[in-house]
Amino acid sequence: MPRALEVWLPLPVPAFTFLAPHGRSEAPPGARVVVPWQGGVRIGVVAEVVEVGVAAALELREAVACIDASPWLLAPARRMIKAQAARTAAPVGLALATMLTVGLDVPLDHSVRLVDGVDAEGLGAGADALSGGDWHDAEAFRPEALSTWREHGLVEERVRVRPARERMLCALRAADAELGGRAREAQRRALAWLEEHGPMPSAAELARAADVGPGAARALVHKGYAGYRDVITPLPAPPWVAATHAAVGELASPAASDARRSLVHGGHRAERLRALAREVAAVVQARHQALVVVPEAASVDVVAGALAAFVPTLVFRAEHAPEQRGALWAEVARGTPAALVGTYPVLAAPLARLGQVHVWDAASPSYKIVSGTRSVARRDADVLAEAAHVPLIGYDVLATAELRDQRLDRVEALPYPAPRLVTSDLRESSTWPLGGELIRVLAQVAQRGRQAVVVVPRRGFASGLACRACGTPVMCPHCDLPLRWHAQRGRLRCHQCGHARPAPAGCAHCGGEPLAPLPGAGTEWVAREVERVVAPLPVWTVDADHRTDLTALFDGDPGVVVGTTAVLRLAPPPVLSLLAFTLGDALYGHEDFRAEEQALRTMLLAAELAGERRPLLLVQTFQSDHTVWRTLGARDVDAAVAAFSDATRARRARFGYPPATQWARVQVSHRDRGRADAAASAIAQTLRTAGVPDDALLGPVVAAVARVRDRYAVHVFLRASDDLTLAQWIERIDRRPGDGVQVRIDVDPYDVDAHLT
DNA sequence: AGCACGCCGACT
DNA sequence: GTCGGCGTGCTC
């Protein structure tokens with residue numbers, strides 16, 4: 001039986017089959033291969049080697065060449081990607097593109113030569129250069145011609161990753177009699193330096209390094225002793241990190257848990273970091289590698305900085321250049337005992353001696369990947385650990401229903417430091433957006449020269465501008481949303497599609513009446529009000545629109561930070577005495593079955609912003625008896641949180657929400673509202689006919705914001721007892737019904753009402 | 001995803 | 001008339 005390669009390409013396509021490259025019987029699973037694709041070539045990954053029939057083999061095309069001798073994507077990561085594709089009902093190539101972000105778009109050196117005994121004559125125009133049997137740069141030939149020669153088995157091809165090159169000043173010729181004499185001493189010194197230390201980026205830098213005048217270096221170039229050449233850039237050093245001062249404190253003796261799946265929850269962030277460090281230190285001491293996945297880029301520094309105090313620590317960062325990621329991949333593939341910290345793409349790293357997988361802030365909604373397969377990376381980490389037969393340990397401030405549902409073998413519950421919570425009832429307040437109590441405590445902060453953080457539910461000045469007379473808000477022309485008012489820039493902006501315009505002089509609806517800000521206060525508005533209260537203390541703003549220098553804050557200077565929930569990811573300010581929320585209700589106000597649980601989690605994380613201090617936590621709310629505030633304000637917080645958690649779990653099970661069931665959201669959209677509706681109904685009907693029970697199908701229901709970017713969205717929800725059943729149902733959906741209808745599917749949706757892009 | 005093709009609306 | 005937007009189909 002002929003053997004062939006199943007190849008995954010980083011494209012939304014299924015696996016494709018190719019014969020092994022000419023003259024090779026096969027390529028190792030996990031290795032990168034170059035394959036013919038749409039007239040050109042592309043890099044893919046060998047998923048497996050399969051047997052094919054003789055007849056089938058005749059139909060297949062040959063892979064061009066194999067790049068790696070050893071796997072670029074290890075077996076556990078391949079299992080993870082395959083499982084992700086199955087779970088999200090997506091083509092496997094999309095899962096590959098989502099998870100493997102390193103090494104698939106590298107520049108290649110591609111060469112060809114004639115197969116022994118083939119005559120260049122018969123190859124047609126452009127082939128004369130091929131004669132002689134030497135290797136030639138493939139770029140010299142037309143892709144179509146190359147493709148034909150390949151199909152007829154006339155050429156052999158070789159592909160290597162092209163090393164990065166730079167133009168550098170190199171020594172070209174040894175010093176000779178011409179360079180003699182006292183006057184040329186500086187030139188001789190510069191040349192000797194260059195010969196000893198290697199190429200330099202410029203003559204000026206050579207002069208500085210060799211401690212000669214710039215003229216001497218230039219003279220070397222002029223006379224031909226030195227010149228600019230393309231030099232192969234050495235691979236950058238792997239991204240090792242140094243320990244930060246955000247100390248975790250003393251580490252009790254390192255100890256690795258042997259439970260398959262554990263959860264460490266509650267306590268304070270520093271305690272959870274210590275628990276993580278204990279495990280990681282033990283694993284690295286045993287000469288293994290620990291993989292630590294974190295939900296967002298900001299946590300990489302916090303976690304890696306803490307671990308680096310105990311073990312060699314590598315990081316994966318989104319901003320790293322491709323070469324640096326390559327260096328990281330190479331380092332971990334060597335099996336170097338270390339911790340590797342990063343966001344979800346680290347899950348594909350080829351850790352040769354993986355000993356444990358850690359999921360930091362495991363309940364963070366940021367694990368939901370917003371593009372590609374839209375997988376939840378926490379679940380991918382779980383599959384990876386299982387496939388690699390290593391323990392999985394999750395850490396979070398709150399044991400959410402989903403975290404508790406993962407067949408845990410070990411749970412470590414740390415006691416919460418009791419927050420000093422005060423709720424301030426907005427129904428009894430006459431001022432806005434700062435109520436009387438908040439104004440009072442802010443004034444105290446100013447008086448005592450302390451620090452405060454004020455969290456606001458949106459950025460900008462106000463949620464919109466509306467007519468004073470008729471109340472009509474200025475809407476986005478492309479979305480069913482009011483344009484947000486950014487007073488500092490004097491512009492209205494759509495937070496959904498980015499449309500921006502200056503504020504109109506008057507109301508377009510009732511004819512020129514003046515406009516006023518809507519009451520939904522944003523960071524700009526709140527910052528202005530806070531300034532009035534705390535002047536002359538500085539007020540810093542932190543949100544997506546403001547990149548404020550916070551050095552003074554971290555130096556301990558008095559002042560107030562006003563920001564969106566992004567401030568909760570800051571390091572603890574040193575003398576924080578107040579943490580306030582201008583509208584606590586915003587945390588659970590949106591339509592989402594996870595909203596309440598996430599609101600409580602956000603508040604528990606907020607309490608940790610204080611470091612080891614216990615600042616006042618003041619929440620302005622219209623519902624001071626809401627379960628989130630009652631839980632946080634309870635005398636016994638641990639018991640209250642446990643009770644909240646049990647109730648949440650029971651309620652989710654009773655009403656058929658995750659994790660009791662698996663959900664998928666089918667988003668149908670069209671520029672025309674009626675057609676979006678009709679297409680969604682057709683999908684619901686198809687599913688019913690296919691035998692999906694009525695109670696497993698919800699909708700169609702129009703999205704909360706009906707139109708975004710000129711498209712109307714309608715949702716159909718599916719729920720099943722397990723992933724597999726859900727995926728089988730999804731397979732029945734026609735994803736390309738035509739007529740301008742878009743169908744997008746989100747398995748395990750997190751923001752139930754968001755428009756998918 | 002990228003690319004080629006084909007269809008209708010707004011312009012030199 | 002044809003330019004170019006978007007929608008559709010295909011890739012071993």
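Naming: A, B, ... by sequence-line order, numbering from 1 per chain. Model, not experiment: these values are computed from the prediction.
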Q) Between dG9(C) and R736(A), is there an OP1 or OP2 to side-chain N/O distance shorter than 4.0 Å? A) yes
Q) Going by atom types alone, do T17(A) and R61(A) pair a side-chain donor with an acceptor below 3.5 Å? A) no
(Q) Nearest whole Å is fine: how far is dG2(B) P from I43(A) CD1? (A) 14 Å
**Q.** Length of the CD-P vector between E59(A) and dC12(C), whole Å
**A.** 13 Å
**Q.** Interatomic distance, D672(A) CG vs dC6(C) C1' [rounded to whole Å]
**A.** 16 Å
(Q) What is the separation between atom CG on D739(A) and atom P on dG9(C), rounded to the nearest whole Å? (A) 12 Å
**Q.** Atom-pair distance (CG on L104(A); P on dG2(B)), nearest Å
**A.** 13 Å
Q. Could you give the CZ-to-C1' distance, from R735(A) to dG9(C), as a whole number of Å?
A. 17 Å
Q) For L11(A) and dG9(C), what is the distance between atoms CG and C1' respectively, to the nearest whole Å? A) 15 Å
Q: Flag the pair P239(A) / F316(A) as yes when at least one side-chain heavy-atom distance between them is below 4.5 Å, and no otherwise.
A: no
Q: Kindly confirm or rule out a cation-pi arrangement of R594(A) over Y750(A), judged by NZ or CZ under 6.0 Å from the six-membered ring centre and within 45° of its axis?
A: yes
Q: When you get a sec, tell me which of dG7(C), dT11(C), dC12(C) is the closest nucleotide to the side chain of V13(A)?
A: dT11(C)
Q: Would you mind classifying the nucleic acid contact of R42(A) as base, sugar-phosphate or nothing, using non-hydrogen atoms under 4.0 angstrom?
A: nothing
Q.
Categorize G39(A) for me: base, sugar-phosphate, or nothing, with a 4.0 angstrom heavy-atom threshold over every strand shown.
A. nothing
Q.
Classify P36(A) by what it touches in the nucleic acid, base, sugar-phosphate, or nothing, heavy-atom distance under 4.0 Å.
A. sugar-phosphate
Q | Donor-acceptor side-chain pairing of H670(A) and Q742(A) below 3.5 angstrom | A | no
Q: Please tell me which of the listed nucleotides, dG7(C), dC12(C), dA1(B), lies nearest to the side chain of R711(A)?
A: dG7(C)
Q. Atom CD of Q38(A) to atom P of dC10(C): distance rounded to whole Å?
A. 12 Å
Q) Any side-chain donor-acceptor pair under 3.5 Å between S299(A) and R569(A)? A) no
